[in-house]
Structures are given as C-alpha cells and as structure tokens.
Amino acid sequence: MAAWRIGFASMLLAYAGLAPAVFSPPVTAREGMVVSDHYLASRVGASILKQGGNAMDAAVAVGYALAVVHPCCGNIGGGGFMLVHWHTGEELVLDFRETAPSQIKKTLFFDQAHHLKPDAELGYLYVGVPGTVMGLNTALSRFGTMTLAQVMAPAIELAEQGFVLNRYDLKNFLKAEQEILAQPNVSQIMRPQGRWPRPGERWIQPALATTLKKIRDQGTAVFYQGEIAAAIVAASAQDHGVLSLDDFAHYQVYWRQPVRCQYRGYQVVSAPPPSSGTIVCEILRLLEPFPVARLGFHAALTTHYNAAAMKQAFYDRNHYLGDPAFVKDASDWLLSDKRLAKLQRRLQVQRNRPVWHHKPANTSLHTTHYVVMDKDKNVVSTTYTVNSYFGSVRIAGETGFFLNNDLKDFALEADQPNLFFLVQSTNNVIEPNKRPLSSMSPSLVLKDGQVLMALGAAGGPTIITSLVEALENVIDFGMDIRAASDSARYHMQWEPDVIYMEPYAFSPDTISLLQRMGYRLQENLFDRYLYWGQMASLLVEPNGVIDGASDNRHPNGRAVGVLTVNRIKSKQHALAWLQ
Ligand code: DON
C-alpha cells in the first residue's frame, strides 16, 4: 500500500479513536456556572451570581424559576434532594422529599376484587405532602445571603409577565395532553386561549404568580399552615385524596449526612436514604477491581462488569433501602469491604447471573436536576421532581402549580413492580407518614478535598446508572464533562432482567458477545423511551476553569457561565491529568 494510503488510513483510525470529539464542548467560565434543564432558569441563576449572590442564592432562584418555565418537572408541588458543598467545609444533603399522608392506606388503591383502580379513580391519592417550598426556603436561610424576595423576583416576573414558548416547551406540554385535557382548571392554565399555545407565543401564569407572591410575603408558613395548604387539602377531599391540614403542619425537611465512597482515588459524595446515593456508590465500588479503562468504553466485558454491578446494587436498593424513619439505614453494610469483596468474586464469572429472589415473592418519567457553582467554588446540586410529567396533573383550586404523584415510587404490594418497574420489598411499601424511596441521588466527586465534578440527572432509576456511567466516562475513559453526559447509555435494574440500551450504545458484535454471556439487550427503555436520564453537570479543571454541560437529550437545557472563557476547540481527551 502506498505510504500516503497508510498515512490516510491511520489518520482515519486516529479520528475513529477520538470519536467523542464530535461532541460539543462544555461551556467554560471562571467565576460561576449554572446548569439546568431550562435556559431561562439557567440565566436567572447566572444573573443572581452576577449580582453578587452565592451558589445558594442562585440555586433557590433557579428552583423557583424552573417551577415557572419548566412546569412538567421544576416545581413547588413536589420534592427532592439538595447536596451542598460549602467553602466552610460543610457538606450536607437537604432531604425535602414528599411524605405520605397520615390517613393513607393500601386498601384505598384497590377495588373489592383487589385490582388496582385506574388513576382517574385515585385522584389525589398519589400526592405526597410537597417539600420543595420548605426545602428551598430552609436552604436559603442557612446558606444564602439574599432575601427570599430577591431570589424569588425573577420567578415571579416570569410567571406574571410570561415568557415566549418554544417548540420544546410545547413538546413537554403535550406529553400529558390527555391528562391535562381531563382537568378543566389545568387545561385553562395550559391552554389559556382554549387551544394549545403555539411556538413564539407568550405564556402567562397569573395564578402561579399570586401563589409565589404569597410565599414571598408570608414565607414557608403560608404553604404549610396557611391558605395554600387549605386549598390543597380541600381539592384532595374532592378527588379521592386523604391529605389533611395536620399532614402539612407536621411536614419537615431534614439535613442529612451524605453517603461517601472512594472510586479509583476520587471521593464520591451523594444523597443517602431515602435517596439512592448508596447505590451509586455500591456500583462504583463493585467495579473498582475491574480494569474498565483498559477493556474499553462499552466493550462487552466492561458492559458485563457494569451490568452485573448494577443488577446486584438494584437488588440491594429494592430490598434494603427505604425511609430511614422506618427502615434502618443499610448503607454501611451494603458498602462494607467484606461484603463487596464477596460480590466482586461473583462479577468475575462472565455470565449474566439469573434473577434471584431473597425469599418467595412477597410510566412516564419527570424530574429535573440543576447545579450551581459560585466564584468561591461553593456547590449546590439539586434534583427535584413531581415524578411523572406534570406529576398527578392536578392543580388545587386557584393555586396555579402542579402537584406531584411521587407516592407512585412506593410499592403498593411488596414484590409488585411500581411505576418504574422497580420490584421492591416491604421496606418501601406505602405507609402513613413515610417517604418513598427515591433514585434522585445528586452527587459530587472530589479530588483531594476539592470539587472535581457535580452532577445529577432526571430519569427515575436510570438516574443511578446515568451517574455511574458519566463518572466512569470521565474517570476511566478521559472524556470531558459534556461528552461524558451526552454519550449513549445503557441501564440494568435487576428486574426486568434486560440491559436497556440507547441507540448506538453497542456495535452488533458487542451485542452478540453480551448475548453469549446470557444477557438480553433491548432498545426502548420500558418499551417507551429511546433516550433517558437528562443530566446537568459541571467539572472543575485544575486551573480553576469551570466546565458546564447540559445534556443533549434536553434541548431546552443550558449551561450559563459567569465570566466565560472562549475556547475554540473541545478539551476532549485533554483530561490526561485525571489518569
Ligand atoms: O424519586 C424518584 O426516584 C422518582 N420520583 C424520580 C422520577 C423521575 O426521575 C422521572 N423523570 N425523569
């Protein structure tokens, strides 16, 4: 072969090896970064940072703004987890997960023949007491420097003056088309002119603006002891629900210690039960002895080790974790060296381990994650949700905001699949005053005590596997944060016994190698989703530049930096310092 041909061929190979270089580069900035699933909310956060607010001021502003501009997911009618890393050395998780009402009973969900009633007959029964308002306000008073009025001002303006909808906003609206049409007061808000709005039209939410102003002026109490609680309780009583004023009055948020683990010399920090950071850690710890970097990105063996670790860890999640007020926190045991060593020996067998049971058998996705870093490198990483798109698709009276259906995260019966096909034990069966186990897990990675990455995702159980894969993509495969979150994903959750894969995740020969190991692979998660797990993430380079990445899967998302650094080329594979 002529020399030029060899040169050309090897050049092609070199580019093939750098395939992820086709990803867009992250947004780079020196003095702050806000990444969220809506560009308007990211801009709100960046403007708070520019006004001199810190990461918490910006995070609370983004939390309220997302409730206005991204109402499928951003919310004041849901709940979530906020991971805080502060320059003072404090590292905490705020648990503002929803709680089941005190009058909830399993029997309410079933008819006389013990069949689950259709959602239309369950109305408010899946609505948990929302935690977002108390969560955001509590976090602001502990870490913020601005007043509630200052950080809520942009959200109020967006609700009152409206914002121009684009086609992605409208695409989201239509994800719950039938459910919205079924509720006259919801339909009136979403279709103010009696038809779906069109791209380019301004959408105004006067009722939501009024509610936000009440929260601004009267604080948390108006939501939990005042007229907002009263409106929700009254609407719940009209529509099969059992929420009471007492449930609101007794609602609490909790500051919890994060769960921590080491992965290849990096410290991973994540959200403890009732979230699932323990499981992110378990998968990573199980993987540690296996040389995935050498085996290669999405190679058959790499995938086997990951899938087998995911399968084990999801079994453990579904059986051992739950609300710590009801279930002893099993994180230390699940992550103990002795136990992990035993499980790692099982992973060495290069075959899919058939689904096992501890004892005889006893959807739609929506959530949103956002991260903020300020110039002092304080980080706030929040995942919050109403669960499905627009949650229960219920708005109480004139309150103007969507209520969650997060009680669908419970098992109604042990060992029966829930909304996300998670088959869970009695630990996560619905009970009065209990919090449903969540997959949300906002996470951080530290190197020598400094923040290297902050990341989180939407996507129910796929949040856990998306986070693990993004961490591996950076730490093992040297990708930048944008490529790490945009790359094709796969997901395994013990049951169903399937590796779900996004398009182009594997080559045909890799698929056949995995099939020979006994794995079943399938596109279309839960037969419905081609892609999943929108991430919002950032990474701090050794020179202090912050790289922000909003997942390509969500075109309305944006990373907005403060004092941006213009780079013409992606820093793909420039992260050699990580190895
Ligand atoms: O807490 C959980 O695990 C679920 N309620 C999260 C739902 C979710 O992520 C849906 N989103 N895309």
Side-chain angles (χ1 to χ4, degrees), residues 36-38 66 70-75 77-83 93 95-100 126-132 135 171-172 175-176 270-280 313-314 317-318 321-323 363-370 382-393 402-411 417-424 427-428 430 434-443 455-467 485 489 491 493 500 502 525-526 528-536 551 553-554 556-557:
S36 85
D37 282 344
H38 203 285
L66 282 169
H70 192 47
C72 63
C73 315
N75 66 81
F81 299 90
M82 177 184 271
L83 174 51
V93 173
D95 165 2
F96 58 99
R97 180 74 159 158
E98 302 92 326
T99 304
Y126 283 121
V127 179
V129 180
T132 299
K171 214 171 137 196
N172 272 345
K175 292 205 169 125
S270 192
S275 192
S276 291
T278 308
I279 301 309
V280 172
F314 267 95
R317 175 195 185 278
N318 297 354
L321 297 187
D323 178 352
T363 165
S364 97
L365 305 173
H366 243 68
T367 301
T368 189
H369 179 78
Y370 64 95
T382 309
T383 318
Y384 71 155
T385 190
V386 284
N387 202 22
S388 308
Y389 273 105
F390 304 97
S392 60
V393 201
F402 284 95
L403 288 159
N404 69 85
N405 65 354
D406 263 294
L407 302 194
K408 283 198 175 185
D409 282 338
F410 280 121
N418 74 357
L419 173 70
F420 298 110
F421 299 90
L422 290 164
V423 178
Q424 307 177 98
N427 282 347
N428 198 34
I430 194 162
K434 194 176 186 181
R435 295 183 177 204
L437 179 60
S438 171
S439 299
M440 286 192 269
S441 320
S443 301
L455 67 174
T462 69
I463 292 170
I464 296 171
T465 50
S466 302
L467 294 181
S485 67
R489 302 194 176 121
H491 173 74
Q493 59 173 43
Y500 293 104
E502 290 187 328
L525 175 79
F526 310 143
R528 295 182 64 174
Y529 302 103
L530 212 48
Y531 300 96
W532 58 80
Q534 298 93 313
M535 294 195 87
D551 199 314
R553 293 166 184 78
H554 207 292
N556 253 355

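FYI, side chains are in, hydrogens and waters are out, and symmetry mates aren't considered; it's all heavy atoms of this structure. Counting starts at 1 for both ligands and their atoms, following the listed order. Everything quoted here is computed from the prediction, not taken from an experiment.
- Here the side chain of S443 pairs no donor or acceptor atom with the backbone of S270 at under 3.5 angstrom.
- Ligand-side atoms of ligand 1 in range of G459: 8 (C), 9 (O), 11 (N), 12 (N), range being under 4.0 angstrom from any heavy atom.
- Considering only heavy atoms from C-beta on, T368 comes within 4.5 Å of L66 through its side chain.
- Not a single heavy atom of Q534 sits closer than 4.0 Å to an atom of ligand 1.
- The distance criterion of under 3.5 Å between nitrogen or oxygen atoms is not met by T385 with respect to ligand 1.
- Remark: the backbone N or O of Y531 is not paired with any side-chain donor or acceptor of R553 at under 3.5 angstrom.
- Of all the atoms in ligand 1, the ones that sit under 4.0 Å from a non-hydrogen atom of A458 are 12 (N).
- In summary, R97 and D323 do not engage in a salt bridge, as defined by a charged side-chain N under 4.0 Å from a carboxylate O.
- The two residues A176 and F390 make their nearest non-hydrogen contact at CB-CD1, 3.6 Å.
- With a 4.0 Å cut-off on non-hydrogen atoms, D409 touches ligand 1 through its side chain and not its backbone.
- Taking a cut-off of under 4.0 Å to the non-hydrogen atoms of S439, the atoms of ligand 1 that pass are 1 (O), 2 (C), 3 (O).
- Between N172 and H554 the shortest side-chain heavy-atom distance falls below 4.5 Å.
- Listed by number with element, the atoms of ligand 1 under 4.0 angstrom from any heavy atom of D406 are 5 (N).
- The proximity of L437 to ligand 1, defined as any non-hydrogen pair under 4.0 Å, does not occur for either the backbone or the side chain.
- Under 3.5 Å, the side chains of T465 and H491 contain a donor-acceptor pair of N or O atoms.
- Heavy atoms only, all atoms of each residue included: R435 and E98 are closest at CG-O, 3.4 Å.
- By the criterion of a heavy-atom distance under 4.0 Å, neither the backbone nor the side chain of R435 is placed next to ligand 1.
- Among the atoms of M440, none of the N or O lies under 3.5 angstrom from an N or O of ligand 1.
- When each atom of ligand 1 is checked for a heavy atom of I463 under 4.0 Å away, the hits are 9 (O).
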